[in-house]
Amino acid sequence: MTIVGTSGLVLNEKLLFEHSDPGRKGYSLPKLDVPTAELPAELCREEISGFPELSEVDVVRHFTRLSTWNYGVDSGFYPLGSCTMKYNPKVNEVAARIPGLAFIHPATPSHLAQGSLELMYRLQVALAEISGFARVTLQPAAGAQGELAGMLVIRAWHEARGSKRTKVLIPDTAHGTNPATASLTGYDVVPIASDGVLTLEEVEAHMNDDVAALMVTNPNTLGLFETNIEAICKLVHERGGMVYCDGANLNALMGIARPGDMGIDVMHFNLHKTFSTPHGGGGPGSGPVGVTEELTPYLPGPGIEFDGESYCIEATRADSIGRMMAFHGNVGIMVRAYAYIRSMGGAGLKYASEMAVLNANYVRARLEGVYDLPFTSRSLHEVIFSDKDLEGDCHTLDVAKRLIDYGYHPPTIYFPLVVKGAIMIELTETESQEVLDEFCDAMIAIAGEARDNPELLHQAPIRSRIRRLDETTAARKPKLKWEKGA
Ligand SMILES: *Cc1c(COP(=O)(O)O)cnc(C)c1O
């Protein structure tokens, strides 16, 4: 019999709430006024039907067991390219749990919230310094929402000058959120071809009076630094456009180069990538946006100000694009990112970027000749291979599935789209040489299996709880409702 639980145990009201035992000695209980339900009778069920009947302990065990099936950066190496799955230091969590920061109500008056406001202000300043921008908003809740905020700022700037430009240039290596954002902001997307990196000629050929902005990622999703970026920004500006930078790959640049100095006008940061905060299943992310002085009036508001004595919430700017989030955004994530920046320091952040780049080039060097390298120039923080040289009719998907058998989370695959059969590996600075060597050994062993035992790769994963799924059907016909007996 279950003796704890929400449905298993029916409380004996008489015993608990009423002094109904005339034989009781010593204590007497006053009669409690237990509220009774006053729902209209026709709305009340006579009996509960169809709900699973489980006790609390059964539910806790079920979810605890499921959580151990999960794979996260705390359980193993996670080379998911473009996502920067670096280790999240536990000191960030300690800081985020400081009661004064964790439990403060977002509507607390400024004079009682000086600590939180100071932390947000200092984070704005730190991000501005790292990136070379004049101002930073912390509001957006994800990189993608930062893109939207940034592109709305660019649109507001154009509209303020009476410009009716309708197009945005986006290179073919871009992450899917870039064209989605341009489209959400009301622009038509003009894809431009790159050969690894953007050339000035290609941008020039497309840059005309209809183009509001160029959206560029630097380093790009091939892990290559956009070497022509300064000249490209100059050209776009001369022709009346703005340059948006997708900052998802900032982990390659911290302390080394600043997008603001390259001529970029707007950039988002992904705190859950570069600044070691959790990637929360699409949940508690944070995508601050930095802008040049010229674009400051259009930033979403309100931000945090310092008047020389105390911290306060800015007055709404007349030309602001408005709010992106309720209150200040995901403050708990900001605390973690700030803890990371302060514990690393300027030199530590630079060292992190250098090690991220070194690790990518180490793996590149170890796997060169085993897997095809579509681009020969040196990598920054991530490295792209392809399945071109794999034997036994084996493809990128087979390699990714087989890595699960070796205990690794698969890398990003089939992205960027410009590389056929792309295998996109991002190591980050937080992995040791031993981890990288074991991973490379597994990748080399898998290439050998493709040659000697291709059927094994086609069947993989064979050691996981669930074997290869029909991902196409799962994506096309998702089951989104609980079905009895399913
Ligand atoms: C992750 C990523 C994004 C989107 O960021 P989210 O924080 O996931 O919304 C955009 N562009 C690139 C290149 C990325 O890697």
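Hydrogens, waters and symmetry mates are skipped; everything else that's a heavy atom, side chains included, is used. All residue numbers refer to positions in the sequence shown, counting from 1. Treat the numbers as computed from the prediction; the structure is a model and nothing was measured. Every number for a ligand or one of its atoms is a count from 1 in the order of the listing.
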Checklist entry - Contact residues of ligand 1 with a heavy-atom cut-off of under 4.0 Å? => result Ser82, Ala142, Gly143, Ala144, Glu147, His175, Thr177, Asp246, Ala248, Asn270, His272, Lys273
Item to check | From CA spacing to verdict: salt bridge (charged side-chain N to carboxylate O under 4.0 Å, His left out), Arg239, Asp210 | outcome: CA-CA 10 Å; Arg239 306 229 177 140; Asp210 255 356; over 6 Å; no
Next on the checklist: Checking side-chain polar atoms at under 3.5 Å, does His206 have a donor or acceptor matched by the opposite partner on Asn208?
Outcome noted: no
Item to check | NZ/NE/NH1/NH2 to OD/OE distance under 4.0 Å, Asp405 and Arg402 | outcome: yes
Side-chain donor-acceptor pairs under 3.5 Å in residues 411-422, sequence neighbours left out?
from   : atom 1 : to     : atom 2 : distance (Å)
Thr412 : OG1    : Gly81  : N      : 3.1
Thr412 : OG1    : Gly81  : O      : 2.7
Tyr414 : OH     : Leu397 : N      : 3.1

Next on the checklist: By the salt bridge (charged side-chain N to carboxylate O under 4.0 Å, His left out) test, which pairs, at least two apart or in different chains, include something from residues 170-197?
Outcome noted: none
Item to check | salt bridge (charged side-chain N to carboxylate O under 4.0 Å, His left out): pairs with one or both residues in residues 125-140, sequence neighbours excluded | outcome: Arg135-Glu305, Arg135-Glu314
